[in-house]
Amino acid sequence: MPNREPAPAVAKKLAKLGLRSADDLALHLPHRYEDETRLTDPALAPAGKAVLVEALVQNAEVKYRPKRQLVVHAEGLVLRFLNFYGSQLKQFQRAADEGQLVRAYGEVRPGFFGAEMVHPRYRVVAAGEPLPQTLTPVYPSTAGLSQYALRKLVLEALDEAVLEDTLPETLLRRHALAGISESVRSLHRPAPDASLAELSERRGEAWRRVKFDELLAQQLSMRMAYRARRARTALALPSNGPLLKRFLGQLPFRLTRAQSRSMAEILRDLAQPHPMQRLLQGDVGSGKTIVAAISCLAAIDAGCQAVVMAPTEILAEQNLRKFSAWLGPLGVPIAWLHGGLAAAEKKAVVKQLQGPAPVVAIGTHALFQKKVAFARLALAIVDEQHRFGVQQRLDLRRKGENRSVPAPLVPHQLMMSATPIPRTLSMSYFADLDISTIDQLPPGRRSVATRLAESGRRSEVLERIREACAEGQQAYWVCPVIEESRDGDLRTAVDTFELLRKELKGLRVGLLHGRLPADEKAAVMQAFASGRLHLLVATTVIEVGVDVPNASLMVIEHAERFGLAQLHQLRGRIGRGSRESVCILLYGSGLSETARARLKVIFETRDGFEIARQDLLQRGPGEFLGARQSGAPLLRYADLEQDKKLAEEAREAAEKLLDEAPQAARRHVERWLASRHEYLRA
Ligand code: ADP
Ligand code: MG
């Protein structure tokens, strides 16, 4: 903070902006600039553009038609204020008496009396008062902290800040970077000849340096977390154990090239005496589960334990079924920890995990989170990791680190995600993980035909369902979650279920939603998976992971209410068998522009990565990753899409700096991320 500590109330406002130190303030850069260096004649002001005008005040009065308002008449200019203080009326009346001028900044519009401004920012000045020489910076602020007060604090801090360069000369030269002090200073106090366009669009050398520093700090922080973890000891799990070899010799199907490659990357990591921290990403249905199962065998062969956690019980149960089918015949013990267990059973499972015997434990992550200690946890797998929030990711990483025996060993970690992340984002947000990508679907997959239909064509859709089921196929009917009411989700699904049951007499219809008790959910899912149900009415609980190859038809009601990633995931539930599959997107009338754009993408595109890229373009990274995932506004100045090249450079530089000048790296992270660090490590 500047020498004079700000009052506690102000400090609190600053903290809200993430500003805790003098350096923070100095690095709080303008988000735009206003040009007050030139006066514009009100009569000639261009439409739709803010300008500075000046005019002699003539009189001021409060009018009551059409609404109470303060109207100021100046020479060739009228100002209107709908919200105002009595003191403002007096101020203008005095100005009129004393022949003073009003200098106002804002948009000028043609009004009844000529040029008019509504609620401009203004000052009363004497004739001949000089204009500012430079562009006026405008800072991101928060309620109750005026632009004027914030600007004053920032500029004071700037004057006191030293801002010595955290980066070595060689690095600056290699990336042709301007000095940080000059750059920051010139952004706060632009030179008289600075270009408004360049500054506002964040182009030019000064912005380039600032963005580079910010991107570099982010990379450094994540790579530091990566290296710190990597420096710890884990049990090396050899990949030539008997179970692993046997399983590879009798796989239920031939692995795709992408699966083999990912498997090799994982097994290579596991064989190291350092904890793996790897993300396995692959589109829905790309076959991540078998790769996970193979990895578990490496742990079992080493006489250790592995755990496979999923975000929902339905997914956990599905993992259980697959693991049992694949690993059961090899005699691998599998522990199933689920919500339906009676207390005594649960205790027995927990006890089993505390014992030294090898086991693959399967369940939801919530269940493992609660007082489950592993005696010999060597591998932790997190399925559908994108469904977990930042805090959960942190917790999961710590899981087992303190309690597992032998104490200093850290379990290897494998995250799996079906949400493809565009490269620009993964480079930044998953820089603390190694990434394997399954970019290929198993052979024989039928593509899914997507149809768009207005909800008025419901009866045709019902006919299709009857036909498909008559041919022995199965179908999903997905209902949207209605945000406004807390149990709307449930009601829509229940109502739809009741209605469809009547409309589709003769078909066996089931209902699945998040509020059902765990054992009922499992029973319904089981009934559908085994073919006893024709149609499954469901909410988005089936969004991820559910795998029923015989289901070849999906109807998504109110498809316009779903996000792109969700639609893609949902559609991924079909097209898993040998039959041609169809996904019908029903939409309501009165589509918004954005909803239309979303449906267009999902209709035209099948590739998960391309959909993710479109999604990112439509929503921006913060929303794309979800507030929980991104944690905090990590990048204030740089834009991963626009500054792609710079991000690449920062990535390279981070690695080099960590190797060659770790002290400088630490100082750099301190400066930029002191208060945001924990989020970045998630
Ligand atoms: P996801 O990556 O979405 O978790 P799964 O692991 O559930 O995908 O696999 C989807 C389906 O494809 C499963 O039924 C699985 O058994 C099957 N499968 C996976 N790999 C192959 C393969 N190489 N050949 C044939 N079928 C495969
Ligand atoms: Mg899966």
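Just follow the structure's listing: the first ligand is 1, and inside any ligand the first atom is 1. Throughout, residue positions are numbered sequentially from 1 according to the sequence presented. Note that the structure is predicted; figures quoted are calculated from it, not measured.
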Short N-O contact, R268 and E265, less than 4.0 angstrom: no
Judged by non-hydrogen atoms, does M416 sit under 4.0 Å from ligand 1? no
Between H568 and Q566, does any side-chain donor sit less than 3.5 Å from a side-chain acceptor? no
If we set the cut-off at 4.0 Å for heavy atoms, which region of T289 has an atom near ligand 1: side chain, backbone, both, or neither? both
Indicate yes or no: does an N/O atom of P549 lie under 3.5 Å from an N/O atom of ligand 1? no
Please identify which of these residues, Q473, R579, Q474, R576, meets the side chain to side chain donor-acceptor pair (under 3.5 Å) condition with S552. Q473
The atoms of ligand 1 lying under 4.0 Å from a heavy atom of R254, numbered in the order shown, are 22 (C), 23 (N), 24 (N)
Mind running side chain to side chain contact (heavy atoms under 4.5 Å, CB included) on L500 and I465 for me, showing each step along the way? CA-CA 11 Å; L500 284 171; I465 294 180; 5.5 Å; no
Has Q614 got a side-chain atom pairing as donor or acceptor with V601's backbone, closer than 3.5 angstrom? no
Report yes or no: does a heavy atom of G282 sit under 4.0 Å from some atom of ligand 1? no
Any luck finding a side-chain donor-acceptor pair between E610 and T605 under 3.5 Å? no
P442 N/O under 3.5 Å from ligand 1 N/O: no
Going by the order shown, which atoms of ligand 1 are within less than 4.0 Å of some heavy atom of S286? 2 (O), 8 (O)
Is a salt bridge present between R261 and D439, judged by a nitrogen-to-oxygen distance below 4.0 Å? yes
Taking only non-hydrogen atoms of T256 and a 4.0 Å limit, the atoms of ligand 1 in range are 23 (N)
Does any N or O of ligand 1 fall below 3.5 Å from an N or O anywhere on W326, backbone included? no
